[in-house]
Amino acid sequence: CDIRSLGYEEKRKLLATIEKAVAFVTTMIFQDGSSQLNSEQVLTSSVKGVVVLVKNQTDYPCLPGYSSTDCTWDAANEDDKLIYLKTEWSSLWEQEQQAHKKFTWQVLFQMLRCKVPIICFNAKDFLRTLLQVYGNEISWKQVADSVVLDPRIAAWLINPSDTVPSFECLIQKYFEKPFSVETVNTDTGPLRNTSYQNLGVNLEKLYNVMMDLAHDLQVQGLWKLFCTLELPLIKILAVMETHKIHVNKQELKKTSEILGLRLKELEQEAHQVAGERFLLTSSHQLREVLFEKLKLHTLCEKVHRTEIQQLVSTSEVVLNKLQDLHPLPKIILEYRQVHKMKSTYVDGLRMCMRKGFISSTWNQTGTATGRLSAKHPNIQGISKHPIRITKKQYIKGKEEEIVTISPRTLFVSKKGYTFLAADFSHIELRILADLSSEPELLKLFQEPETTDIFSSLASQWKGIPSEQVKHADREQAKRIVYSVVYGAGKERLADCLGTTPLQASQFIESFMQKYKKINEFTKKTIEQCRNKGYVVSIMGRKRPLANINAQDYKLRTQAERQAVNFVVQGSAADLCKMAMVEIFTSVVVSPNLTARLIAQLHDELLFEVEDSQIQEFS
DNA sequence: TAGTTTACTGTGAGG
DNA sequence: TCCTCACAGTAA
Ligand SMILES: [Mg+2]
């Protein structure tokens, strides 16, 4: 039904029906007539309305106890209602339209409030759009209270390596019966009968595929992970995406100019010492200058090569080794640092800016390990370290000024609010200690005198008193631990530490000797993966690794490293998500806390907290 | 032909 | 050594 044709009594009845529904299957409709179920990229055109299939059948197979045999596709229940809710109004001043608008959000509000599951492909986009359209009528805490199901996330839990690009792909892969998606692209008229029916058919398919996936999740022991972690996260991310972070626009413009000037200077210097003009940003051209013209690599033992083409690399580690041979590498190193800062953190951020604010897009199904990822901007990858650059003061004459630029300070909290971060301490290493039961490592974590795990580790490993552990020892211990655990070879570790491969191999050997149980853990993990074809994290998250039994050595050993890495990184992701859900929920249920979650940086949560609530929130 | 799009590659920031 | 995203150059 179209709610515009309903009378008062019918509207009242509809709201009552909604209360008693078993599920809502829904999609947004866009201006161009497409929906979230079309394979073409959405979000290019604005939202026009929402279509909801209200499922009312009483013999509905309840989710946890679902068995796929009672599900028949053609039995679209007659009690089911398909409703269209128009969310955009051309002329709001007409009283009749005002009434429609009010009723529309009453329906949507009811759907969110009544805890009946809302099934939606890309549910995060749906919830975010509701918050954006009804920002004044619906609060973020109300959205956080709703119950949503997203089959895309279910599919990703079953196999995190394939991300399911569209609804069509989802149907092809997971729908028991081979039906194709009905094309719904009629860009004329509000909703013509044909497209209306096709949408109904597709929503019915969406419902059924969600049921099938729910069953699969239960069979694979992923149901609890899905319900307690991933589903609540959908709402959290939707709410996060509606919160805008203020960035210092003037500062951004100014630093872009300063960095641009410095780049010009460095470019000049580079051309001068190279004796020719070339593009400093081109690794190909730089390689020609450094290695074909100047032949610097011949004066240096064992230089790193590129992955695919096996050419001599121009990466930071190589340039560091070449520093004493020629002035060019040092100039390039600084150029790269300044260029990265300008292109990614200053100009890149400006591109993401809308009216002085930014808001990242979060991807819940983009990683193979269960982590989140962010883009536009990638707020998880903003540089921590400030850089110092010398700025020539042309106006005042010969004076030089040193300015420091730190990308993170470009983000500013709202007036009266403060950024507050909470993070885990060495979560991956703790998980490793737990999973391996390595006694020496466990002891270090349990000892109250351990203030810094890597310092203690360096002390214990090298047998030197903890007071004598230097910063370099700590850094070395840190690198060795993570490198060895995830299976780095001696060459890679040597590159990483700046030592010889021989020394690196001795480090690996001595580490394995001292912490035998860690080595046993990696062996056991690989063995389990060989037997089952997949590895499992603490919360039961899975990663199938088809190459674990491959003939090809390179592919097989890669799968082995991925297996070990997944168990640790994936388990860490589980715990970080648990913390995220728990802390977010505690803010939602609090009647007075107004703190907003800004970002998740894997093991760190960043909030914006009202100044007067910092104590209570902490 | 000139200009745009796409995929791949190398590099470097985060964890 | 694993998992990401952004940017720039290059060739198709
Ligand atoms: Mg930390």
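Protein chains get the first letters and strands the later ones, always in sequence-line order, with residue 1 at the start of each. Remember, it's a predicted structure, so these values are computed and weren't measured experimentally.
Within residues 475-486 of chain A, the residues that place at least one heavy atom under 4.0 Å from DNA chain C are, in residue-number order, A:Tyr482, A:Tyr486. Of the residues in residues 287-299 of chain A, those placing a heavy atom less than 4.0 Å from an atom of DNA chain B are A:Arg287, in numerical order. The stretch residues 359-390 of chain A touches DNA chain B through A:Arg371, A:Gln380, A:Gly381, A:Ile382, A:Ser383, A:Lys384, A:His385, each having a heavy atom under 4.0 angstrom from the strand. For the segment residues 560-581 of chain A, the set of residues with a heavy atom within less than 4.0 Å of an atom of DNA chain C comprises A:Arg561, A:Gln562, A:Asn565, A:Gln569, in numerical order. A heavy-atom distance below 4.0 Å to DNA chain B is reached by these residues of residues 312-335 of chain A, ordered by number: A:Ser313, A:Thr314, A:Ser315, A:Glu316.
Residue contacts for A:Glu604: at a heavy-atom cut-off of 4.0 Å it reaches no nucleic acid atom on any strand shown. Within 4.0 Å (heavy atoms only), A:Leu493 reaches no atom of the nucleic acid at all. Among the protein residues, A:Gln285 comes within range of the sugar-phosphate backbone only, with heavy atoms under 4.0 Å from sugar or phosphate atoms but none that close to a base. Residue-level contact check: A:Arg543 touches the backbone only, with heavy atoms under 4.0 Å from sugar-phosphate atoms and none from bases.
Partners of A:Ser537 according to the side chain to side chain donor-acceptor pair (under 3.5 Å) rule, which considers only residues two or more places apart in sequence or in another chain, are A:Asp574. Considering only residues two or more places apart in sequence or on other chains, A:Lys554 meets the salt bridge (Lys or Arg N to Asp or Glu O under 4.0 Å) condition with A:Glu307. In this structure, the salt bridge (Lys or Arg N to Asp or Glu O under 4.0 Å) partners of A:Glu440, at least two apart in sequence or on a different chain, are A:Lys443. A search for side chain to side chain donor-acceptor pair (under 3.5 Å) contacts involving A:Thr418 returns A:Asp611, not counting sequence neighbours. In this structure, A:Gln272 has no side chain to side chain contact (heavy atoms under 4.5 Å, CB included) partners at least two apart in sequence or on a different chain.
Between A:Arg530 and A:Glu527 there is a salt bridge, with a side-chain nitrogen of the basic residue lying less than 4.0 Å from a carboxylate oxygen of the acidic one. Salt-bridge annotation for A:Glu267 and A:Arg277: absent, with no side-chain N of the basic residue lying under 4.0 Å from a carboxylate O of the acidic one. A salt bridge does not link A:Glu491 to A:Lys302: none of the charged nitrogens lies less than 4.0 Å from a carboxylate oxygen. Ion pair A:Lys254/A:Glu257 not flagged as a salt bridge, since none of the NZ, NE, NH1 or NH2 atoms sits closer than 4.0 Å to an Asp/Glu carboxylate oxygen.
Remark: aromatic rings of A:Phe445 and A:His426 are distant, center separation not under 6.0 Å.
To the nearest 0.5 angstrom, A:Thr500 atom OG1 is 11.0 Å from A:Lys490 atom NZ.
Bounding nucleotides for the chain A contact on DNA chain C, 5' to 3', at a heavy-atom distance below 4.0 Å, are C:dT1 to C:dT10. Between chain A and DNA chain B, the heavy-atom contact criterion of under 4.0 Å yields a 5' to 3' nucleotide range of B:dT9 to B:dG15.
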